[in-house]
Participant: 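Before anything else, here's the structure in question.
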Amino acid sequence: MKKIKNKIVAFVKGDESNGRIKWSLYGRVWREIGQPYWKWLAAGIIFTILAAGAEAYTITIVQQVVDKAFIEKSLTAIYWLGVQVIVAFGAKGAFTYAKALIMSKGGLLASANLQKKIYKHMTHMNLARFYSDGIGKNLNYFGVQAGAVLNLVTGTVIKVVQNVATLIMTLALMFYYAPQMCAVLMFLAPAIMIPMVVIMRKRRKLSRQSFGIANNVSQQLNQTLHGIKTIQAFAAEEREEKKFAHVLNSSMNNAYKSTQANALRSPLMEFMISIGLCIAMIMGGHFIASGTISTGDFTAFLLALTAAYKPAKSITSTGDTLQHGLLAAEILFNFLDSKPDIVDAPDARELTAKNLSVGFHNVSFAYNPSEPVLTDINLQVPAGKVCALVGPSGGGKTTMFNLLERFYEPQTGKITINRTDIRKYTLKSLRENIADVSQSVFLFNGSIEDNIKYGRPDATHDEVVAAAIAANADGFINEFPDGYKTSVGEGGGLLSGGQKQRIAIARAILKDAPILLLDEATSALDTQSEKLIQAALNDLMRGRTTFVIAHRLSTILDADIICVIKGGQIVEMGTDAELCAQNGEYKKLRDIQFKTESKKTKNKALLPRGE
């Protein structure tokens, strides 16, 4: 007996390894998503109940038609009941229409509000978290998870209310017209519920798996769309097709298993209902013959029984939707509850000064604990001076830029601006005082003008043009039919690499920030354009604290400070003349580069004319 009891308890609790649902999540879903729009939901529920009531009332009309019109042959009753049928179905239609409009409006408002929350949280995420999750997973927060969670508040709530209200009313009618038959049919309830619970638990496990599979599909598709040029350049189309097919097969298998479990529901329900109808007809014949119930009562009972089938079946499928939504809510709220590591300090203040000095004090940093990128970096750059960072790729130069903009935090040491730890300034004001141009330029899908004024949305058209002229971009911009209104395409895909970089330089010029970060800012330009822009950059750098990462040493010979970074450490520091005198790493790089450039120039001079 004890073993049987334990098995029953285990069945009720379910398999904990399958990931039991936290039903408390529904309370949070209601508080954060449903409660602000409770008036819309309440109105929708009221009209839903009224529609269910109108449907139940039609069953009572049928009972009166059979007893009064058909049995008693009352013509007056026939006319009156006919009018009632029109009114009942008309009222049901009107209530259903009103419910649809109200729930659509409430759902759209809740959807917009939830997606705003997700977007706001996403834009404040740390870069480390963003890159580790991947774009596909973050996109699914908007589509898959948000859609499933919203369905809990709008679709699922209304569906449950409608089905429960209809089921209660039809069961009440069954008990009212034939309580004897209801008592006999009660034994069917556990026979229906047990297989439904088993199917529901199977679907819960598959739903949890489906979210991870959806992330993989989105991630693979996103990588393909962003890397289509690389894929084609390496002739890797077939390889990527196989990868995507593998991911898609996982999604297909999961969906098919879910369908297998779900497809059992209807046959089981219909089989049990058929048993109930069979018993009801046999018992009904005996009760009518004995005069216990009338023909109209029996007809109304059968109609109520068949009417109860649809909401009962829908309630069992609603359980799956409910589980799917709550699993989505668990994933979504885990994301929304995650706190960014890089936030404003409680006593953070605005960075308002315009002459800014920058200092690195014993700064060490590693993306992975076992692989240090920077070690004990010490550097002081006075306000208005130019500091060039040179050395082999992978030395940590770009990482220093990331730390200065607080995209990451150093594990040890600190970075200061005007001798104050940058963590004492607000993130917004810190980044507003820094303009950067990187070697991999990102442009937004909009016009050229919108991209140039991204750092200063209030800039005038004349200021945009002036910045473009300074960046040697005005010429090619005016060659486009739409000029500054020309669309740059997704990620600037409609422009060449050099054109994108000149727009990025114009964007930095227009922002007019006191700190300037140039990471190979002229790397995508030809020699002629580089010379033109270098003059503009020299004007831009005047009076600003500037950091320059450059592999062409000819562009940084006049820098106030040159740091040679190798293996995450500053191995040499000084001016061009001072470092040449040391005859160290910088001198080696300088000699190799200038010797190579001299050889190129000499070879070019030896070429015949026209070549």
Side-chain angles (χ1 to χ4, degrees), residues 112 115-117 119-125 127 342-344 348-356 358 383-384 401 404-407 417-418 422 425-438 440-495 499-519 521 533 536-547:
Q115 289 183 334
K116 285 176 186 176
K117 284 183 179 180
Y119 188 83
K120 181 180 179 181
H121 188 75
M122 196 172 290
T123 55
H124 289 79
M125 282 170 55
L127 288 185
I342 301 174
V343 295
D344 288 337
R349 64 178 187 270
E350 298 289 318
L351 176 57
T352 56
K354 293 304 177 185
N355 296 316
L356 305 178
V358 177
F401 283 12
L404 180 56
E405 294 187 85
R406 286 197 73 196
F407 293 135
I417 291 180
N418 286 358
I422 59 173
Y425 298 118
T426 62
L427 276 170
K428 187 173 186 294
S429 67
L430 171 68
R431 292 169 181 170
E432 284 177 343
N433 281 277
I434 299 174
D436 66 80
V437 181
S438 66
S440 55
V441 175
F442 180 83
L443 298 182
F444 294 90
N445 190 2
S447 69
I448 290 175
E449 181 169 352
D450 289 339
N451 275 280
I452 292 176
K453 62 194 288 188
Y454 190 76
R456 271 186 61 199
D458 58 343
T460 64
H461 178 72
D462 290 340
E463 290 174 323
V464 171
V465 173
I469 292 172
N472 194 29
D474 183 68
F476 80 79
I477 292 174
N478 285 319
E479 289 177 0
F480 293 118
D482 295 327
Y484 284 83
K485 299 301 180 184
T486 301
S487 174
V488 302
E490 185 76 25
L494 299 180
L495 303 177
Q499 289 171 336
K500 287 196 293 184
Q501 202 140 25
R502 277 179 274 181
I503 289 175
I505 292 170
R507 182 165 60 188
I509 291 171
L510 185 62
K511 188 176 181 181
D512 195 25
I515 296 177
L516 186 62
L517 307 181
L518 303 176
D519 187 352
I533 287 185
L537 289 176
N538 289 337
D539 290 337
L540 176 64
M541 290 188 288
R542 192 171 292 115
R544 289 179 171 80
T545 307
T546 306
F547 288 83

Participant: When you compare the side chain of Ile452 with that of Ile477, does any pair of heavy atoms fall below 4.5 Å?
Facilitator: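 Yes - at least one pair of side-chain heavy atoms lies under 4.5 Å apart.
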Participant: So, taking the atom named CE in Met122 and the one named NZ in Lys117, what distance separates them when rounded to the nearest 0.5 Å?
Facilitator: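 Going from CE on Met122 over to NZ on Lys117, the span is 14.5 Å.
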Participant: So how far is it from Phe547 CZ to Leu516 CG, rounded to the nearest 0.5 Å?
Facilitator: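 Phe547 atom CZ to Leu516 atom CG measures 10.5 Å (nearest 0.5 Å).
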Participant: Would you name the heavy atoms of Ala473 and Arg502 that are closest together and state the gap between them?
Facilitator: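 Heavy-atom minimum between the residues: CB-CB, 4.0 Å.
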Participant: Identify the two heavy atoms, one from Leu494 and one from Ser487, that lie closest to each other, and give their separation to 0.1 Å.
Facilitator: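 Heavy atoms only, the tightest pair is CD1-O, 3.7 Å.
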Participant: Side-chain donor-acceptor pair under 3.5 Å between Tyr484 and Asp474, yes or no?
Facilitator: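 A pair is found: one side chain offers a donor N or O, the other an acceptor, under 3.5 Å apart.
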Participant: May I ask you to check whether over 12 heavy atoms, not counting those of Phe407, lie within 6.0 Å of atom CZ?
Facilitator: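 Yes, enclosed.
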Participant: Can you see which heavy atom on Lys354 is nearest to which on Pro514, and at what distance?
Facilitator: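 In this case the closest contact between Lys354 and Pro514 is O-CB, 3.1 Å.
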Participant: Answer whether the closest heavy-atom distance between the side chains of Ile448 and Thr486 falls below 4.5 Å.
Facilitator: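 Yes; the side chains approach each other to less than 4.5 Å.
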Participant: If you take all heavy atoms of Thr545 and Ala383, which pair is closest and at what distance?
Facilitator: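 Answer, listing the atom of Thr545 first, then Ala383: OG1-CA, 3.4 Å.
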Participant: Counting only N and O atoms by type, is there a donor-acceptor contact under 3.5 Å from the side chain of Ser429 to the main-chain atoms of Leu351?
Facilitator: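 It does hold such a pair.
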Participant: Looking only at heavy atoms, what is the nearest atom pair of Ala470 and Ile509, with distance?
Facilitator: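 Shortest heavy-atom separation between Ala470 and Ile509 comes out as CB-CD1, 3.9 Å.
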Participant: Considering residues, nucleotides and ligands other than Asn355, do more than 12 of their heavy atoms fall under 6.0 Å from its CG?
Facilitator: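 At most 12 heavy atoms, drawn from other residues, nucleotides or ligands, come within 6.0 Å of this atom.
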Participant: Are Thr460 and Lys453 side-chain neighbours, meaning at least one heavy-atom pair lies under 4.5 Å?
Facilitator: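 The answer is no; the side chains never approach within 4.5 Å.
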Participant: So do the side chains of Tyr454 and Ile503 get within less than 4.5 Å of each other, counting heavy atoms only?
Facilitator: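 Not touching, per the 4.5 Å side-chain cut-off.
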Participant: Could you tell me whether a side-chain N or O of Asp344 sits under 3.5 Å from a main-chain N or O of Leu427, the two making a donor and an acceptor?
Facilitator: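 At least one qualifying donor-acceptor pair exists.
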Participant: I'd like to check Arg406 versus Tyr425 (side-chain heavy atoms, cut-off strictly below 4.5 Å). Are they in contact?
Facilitator: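 SC-SC contact between Arg406 and Tyr425 ruled out.
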Participant: Thr426 pairs by side-chain contact (heavy atoms from CB on, under 4.5 Å) with which of Glu432, Glu350, Arg431?
Facilitator: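 Considering Glu432, Glu350, Arg431, a side-chain contact (heavy atoms from CB on, under 4.5 Å) with Thr426 is found only for Glu350.
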Participant: Please check: side-chain N/O of Lys511 versus main-chain N/O of Ile434, any donor-acceptor pairing under 3.5 Å?
Facilitator: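 Looks like yes, one N/O pair under 3.5 Å.
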Participant: With a 6.0 Å cut-off (strictly less than), is the heavy-atom count around CZ of Phe480, excluding the residue itself, greater than 12?
Facilitator: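 Yes, the 6.0 Å shell around CZ holds more than 12 heavy atoms from other groups.
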Participant: Looking only at non-hydrogen atoms, find the nearest pair between Ala506 and Ala471 and report the distance.
Facilitator: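 Where Ala506 meets Ala471 most closely, the heavy atoms are N-CB, 3.6 Å.
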Participant: Hey, does Asp519 have a side-chain heavy atom less than 4.5 Å from the side chain of Phe401?
Facilitator: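 They are in side-chain contact.
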Participant: With side chains defined as the heavy atoms from C-beta onward, is the minimum distance between Ile417 and Asn433 less than 4.5 Å?
Facilitator: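 Contact flag for Ile417/Asn433 side chains = no.
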Participant: Look only at the side chain of Asn451 and the backbone of Val488, and say whether a donor-acceptor pair between them is shorter than 3.5 Å.
Facilitator: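 The answer is no, because no donor-acceptor pair under 3.5 Å joins these two groups.
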